[in-house]
Amino acid sequence: MGGQQSIFSEEELQDYKDLTYLSKKDIIRAHKRWVALAPEILENDIHARLSAEKLYNDLPELRVNPFADRLCKVFSSAESDGGGLCFDDFIDMMSVFSER
């Protein structure tokens with residue numbers, strides 16, 4: 001956990017916690033899932049974006065959802081990316097779908 005937590009400062013973790021329904025532990029776990037989707041792209045660039053297609057093909061929760069493409073578009077902060085998400089978008093989506 002120590003290595004992953006260093007990706008965020010304590011202030012960034014607190015900001016994510018304040019802006020979502022997730023705990024700090026949940027945020028770090030979500031980041032691990034995020035990086036696992038495309039480690040070569042996401043390991044060193046927190047602002048990198050993944051295409052909506054990549055997300056709904058690789059995330060089991062979206063793969064079985066008939067509205068996956070629309071969900072990605074709703075949570076995407078990019079106007080012209082066709083629903084691609086950055087980590088901030090991803091964490092927003094995970095927060096909305098959390099049980100808290």
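All values reported here derive from a predicted model rather than from experimental measurement.
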Problem - For Asn44, side-chain hydrogen bond (donor to acceptor under 3.5 Å, both in side chains) partners two or more places apart - result: none
Please report, to 0.1 Å, the donor-acceptor pairs under 3.5 Å made by any side chain of residues 54-61, with sequence neighbours excluded.
| residue | atom | partner | partner atom | Å |
| --- | --- | --- | --- | --- |
| Lys54 | NZ | Leu37 | O | 3.0 |
| Lys54 | NZ | Asp58 | OD2 | 2.5 |
| Asn57 | ND2 | Glu53 | O | 3.1 |
| Glu61 | OE1 | Arg33 | NH2 | 2.9 |
| Glu61 | OE2 | Arg33 | NH1 | 3.0 |
| Glu61 | OE2 | Arg33 | NH2 | 3.1 |

Exercise for the section: Apply side chain to side chain contact (heavy atoms under 4.5 Å, CB included) to Leu50 and Trp34, showing your working. Expected result: CA-CA 9 Å; Leu50 288 181; Trp34 173 252; 4.0 Å; yes
Practice task
Tell me, please, which residues at least two apart from Asp18 pass side-chain contact (heavy atoms from CB on, under 4.5 Å).
Solution key: Gln14
Completion exercise
Smallest heavy-atom separation, Ser76 atom then Gly84 atom, equals OG-O, 2.6 Å
Practice task
Kindly indicate, with the supporting measurements, whether the criterion side chain to side chain contact (heavy atoms under 4.5 Å, CB included) is fulfilled by Phe87 and His47.
Solution key: CA-CA 7 Å; Phe87 179 70; His47 302 291; over 6 Å; no
Practice task
Could you please spell out the steps behind the side chain to side chain contact (heavy atoms under 4.5 Å, CB included) verdict for Leu62 and Met93?
Solution key: CA-CA 11 Å; Leu62 292 178; Met93 184 167 60; 4.1 Å; yes
Exercise for the section: Give a yes or no on whether Arg70 atom CZ has more than 12 heavy-atom contacts from other residues, nucleotides or ligands under 6.0 Å away. Expected result: no
Fill in the blank from the handout: Here the side chain to side chain donor-acceptor pair (under 3.5 Å) pairs for residues 85-98, sequence neighbours left out, are Tyr16-Asp88, Arg49-Asp89, Ser77-Asp89
Problem - side-chain contact (heavy atoms from CB on, under 4.5 Å) partners of Glu40, counting only residues at least two apart - result: Ala38
Practice task
May I ask you to check whether Phe90 and His31 place their ring centres under 6.0 Å from each other?
Solution key: no
Problem - Test salt bridge (charged side-chain N to carboxylate O under 4.0 Å, His left out) applied to Arg29 - qualifying residues, sequence neighbours left out - result: Asp26
Practice task
To the nearest 0.5 Å, tell me how far Leu71 CG sits from Asn65 CG.
Solution key: 5.0 Å
Practice task
Drop me the distance from Leu85's CG to Ile91's CD1, to the nearest 0.5 angstrom.
Solution key: 11.5 Å
Fill in the blank from the handout: The residue among Leu22, Leu13, Ile7 that forms side-chain contact (heavy atoms from CB on, under 4.5 Å) with Ile28 is Leu13
